[in-house]
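What follows is a set of notes on a single structure, which appears directly below.
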There are 2 protein chains.
Amino acid sequence: MADGPTINTIAERAGVSIASVSRVLNGLPTRQDTVRKVMAAADELGYVRNAVARSLKSRRTHQVAFAMADVGNPAYLAMLREIQPVLKAAGYRLVLHSTDAVVADEIDVLHSLGERYVDGLIMSPLRVTEAHLEMLAAARAPVVIIGSVPEGTRVDNVRADSRTGVKLAIDHLHELGRRRIGMINGPLDTVPGAARGAAYREALGDLGLPYDEDLVQIGDFYRAEGARAVGELLARVPDVDALMCANDLIALGALDVLRAAGRRVPDDVAVVGMDDTDLAAASWPSLTSVSLGSAERGKAAAELLLDRLQGGDREPRVVTVPPRLVIRASTRQEEGSPA
Amino acid sequence: MADGPTINTIAERAGVSIASVSRVLNGLPTRQDTVRKVMAAADELGYVRNAVARSLKSRRTHQVAFAMADVGNPAYLAMLREIQPVLKAAGYRLVLHSTDAVVADEIDVLHSLGERYVDGLIMSPLRVTEAHLEMLAAARAPVVIIGSVPEGTRVDNVRADSRTGVKLAIDHLHELGRRRIGMINGPLDTVPGAARGAAYREALGDLGLPYDEDLVQIGDFYRAEGARAVGELLARVPDVDALMCANDLIALGALDVLRAAGRRVPDDVAVVGMDDTDLAAASWPSLTSVSLGSAERGKAAAELLLDRLQGGDREPRVVTVPPRLVIRASTRQEEGSPA
DNA sequence: GGCCACACCGTAAACGTTTACAGGGCGGGG
DNA sequence: CCCCGCCCTGTAAACGTTTACGGTGTGGCC
């Protein structure tokens with residue numbers, strides 16, 4: 001692992017100047033003879049261009065950062081899965097940050113843009129604070145935010161539409177004849193929690209159904225918490241005939257509890273999840289789920305960023321990805337429930 | 001987004017030389033007065049050190065690459081989830097490559113180490129070819145391989161032990177009284193496929209059970225393929241009372257088919273998966289699965305790499321992570337099957 | 001044969017740091 | 001009072017590229 005060859009080494013061996021070497025390596029017009037000599041020397045030495053030195057001179061690193069809240073969350077994973085190939089195809093490497101949704105970590109990432117080790121950043125914060133907005137305004141490289149950002153923030157922005165998403169699910173349940181539709185939500189002080197809770201109420205209103213506080217139970221976005229919440233709801237409102245769950249993990253918890261309580265899904269209680277993660281297809285009965293388009297949002301974000309990296313200045317853009325209801329066994333009555 | 005401040009800007013404003021600025025920023029002994037002036041100037045200008053220039057000089061990028069076969073695969077994801085925090089704690093950034101298990105892409109990644117944009121690499125190739133070994137020998141930065149590598153290859157190496165893993169599962173099924181244990185495997189020309197197939201045969205032998213070719217069915221490592229394979233096996237050997245599946249996706253397919261065929265799990269047929277992914281816990285009945293320690297392997301790999309980055313030369317090390325059988329409802333008779 | 005144009009090439013500066021080296025100022029000791 | 005030594009600081013080189021600029025050589029044309 002001795003010091004690798006540089007253009008100086010090549011220049012010496014080929015008997016030309018480093019400028020010529022550089023020109024050949026970059027395909028600039030050069031005499032055929034020189035090209036041959038340089039190429040030969042480079043091959044023999046196993047030369048590889050030093051990316052760091054190139055970046056320093058060109059002020060481009062060909063790296064893009066993606067800051068996700070949680071490496072373990074399948075929704076972010078779906079984004080990553082789309083972002084990666086888009087960047088790769090455009091010749092960018094992907095630097096991955098996991099912020100664990102800690103605000104200080106996210107601010108850190110924004111701050112570190114000043115180090116210029118990446119050309120741009122895609123970030124998906126769980127909540128957007130004042131500090132975020134300040135750092136965004138002062139960011140030293142283009143940023144794309146996945147998630148909603150206050151109106152007027154000058155930043156490219158890709159959003160989901162969980163309001164419409166919840167409405168799709170409630171309408172679906174209503175069409176199936178369900179009238180006592182419960183809602184199992186996550187904490188109301190998170191952006192998704194607040195949005196989904198409000199959307200639930202609104203969707204009921206649109207259908208002329210009454211909003212019944214007893215039908216709403218707050219837990220957290222995990223399976224065990226979801227199960228607990230569903231247990232409480234069932235005890236309080238035994239005649240519930242459908243459950244709108246604020247994400248797939250909660251819905252899995254709901255299935256656990258319903259099974260234990262001897263309620264058939266979907267015959268007795270229909271269940272809808274949210275995010276349409278891999279788990280929705282894996283569970284039994286498979287889970288009807290509202291896709292918020294994680295994959296599409298990832299792709300859109302990557303494309304927005306690339307566009308800005310190549311295009312330069314333009315007005316910030318907002319892309320909204322429409323939700324989609326993926327109907328599976330947990331609401332599809334005719335295909336029955338397990339045994 | 002005008003050009004950010006450099007140490008030159010600071011030097012001017014503080015009325016000192018760039019060397020002093022650098023010394024202050026690096027905490028080298030300096031007069032208090034100078035420190036104050038420099039710090040003040042740096043603060044006012046919102047200075048952030050340029051990582052690229054630092055790297056060029058110091059020959060260290062504080063970045064490490066992780067090349068995974070497939071961003072979508074939960075087993076790799078589990079590795080990533082462990083690798084990330086270890087690296088972060090040590091002050092390294094993570095550059096993510098997805099090679100889609102294409103050999104050319106993997107070679108590419110190894111080659112690109114010459115660009116010196118990372119200090120080291122963790123790689124998990126699905127199969128190891130001659131080309132891999134050549135590139136590994138010539139690699140310009142430390143590499144850790146997750147997966148098995150031929151004896152004598154001079155490279156840090158973290159391995160799973162799927163042989164023992166399969167044995168654990170077969171022994172478990174045997175203890176439950178199962179004697180007609182089928183095997184649903186992936187392609188035999190992959191490293192895992194070959195290893196697991198051989199281990200199955202061996203484990204049966206250890207128990208004095210006959211090896212019956214009819215009990216083995218080859219498919220692929222996906223749910224639909226697994227389901228198809230199980231269907232064929234069931235048709236051929238109706239008296240099968242347990243299924244050893246070469247990964248969790250295959251096992252999920254098996255559950256689908258068994259349910260459709262009216263076989264109760266585990267009462268009629270017990271099912272074991274492999275990799276212990278999130279899906280195993282999500283399915284119903286939840287899936288007994290052999291954990292090959294993806295998380296532990298990721299962690300071990302990261303630690304090996306860090307050790308080499310800090311320690312320098314030492315003999316290559318091989319770490320083998322022991323498998324663990326995670327028993328869930330798909331084999332745990334007493335807890336019953338769905339309704 | 002001389003001059004011009006052009007194609008090619010080499011020298012050197014620049015990107016933003018870190019760091020070896022040497023110089024300046026000051027205090028203390030002889 | 002002088003000299004030595006030490007602490008601090010500045011100058012400059014280096015990391016490995018890219019690229020502006022000027023120089024050299026060749027060929028063509030008058």
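A quick note: this is a predicted structure, and the numbers were derived from the prediction, not measured. All chains are named by letter (A, B, ...) in the order of the sequence lines, taking the proteins before the strands, and each is independently numbered beginning at 1.
Put simply, the side chain of B:K57 and the base of C:dT17 share no donor and acceptor less than 3.5 Å apart. Side-chain atoms of B:R59 stay outside donor-acceptor range of the base of D:dG16, with no qualifying N/O pair under 3.5 Å. For C:dG10, its base sits under 3.5 Å from the side chain of A:R23 at one donor and acceptor pair at least.
Side-chain N/O atoms of A:S20 include one lying less than 4.0 angstrom from OP1 or OP2 on C:dG10. For the OP1/OP2 pair of D:dG16 and a distance below 4.0 Å, the side-chain nitrogens and oxygens of A:N8 include no atom meeting the criterion.
Look at CG on A:L56: it is 9 Å from C1' on D:dG16, rounded to the nearest Å.
For the residue pair A:T320 / A:D161, no side-chain donor-acceptor distance below 3.5 Å is found, with atom types taken as modelled. Counted by atom type alone, A:N50 and B:R59 present zero donor-acceptor pairs between their side chains at under 3.5 Å.
Looking at B:H111, its side chain never comes within 3.5 Å of a backbone N or O of B:D108 through a donor-acceptor pair. Judged purely by atom type and a 3.5 angstrom limit, A:D275 has no side-chain atom pairing as donor or acceptor with the backbone of A:A75.
Side-chain contact between A:K299 and A:I83 is absent, with no heavy-atom pair separated by less than 4.5 Å.
In the helix from C:dG1-D:dC30 to C:dG30-D:dC1, the terminal helix axes, each the rotation mapping four pairs' C1' atoms onto the next four within five end pairs, subtend 70°, rounded to 10°.
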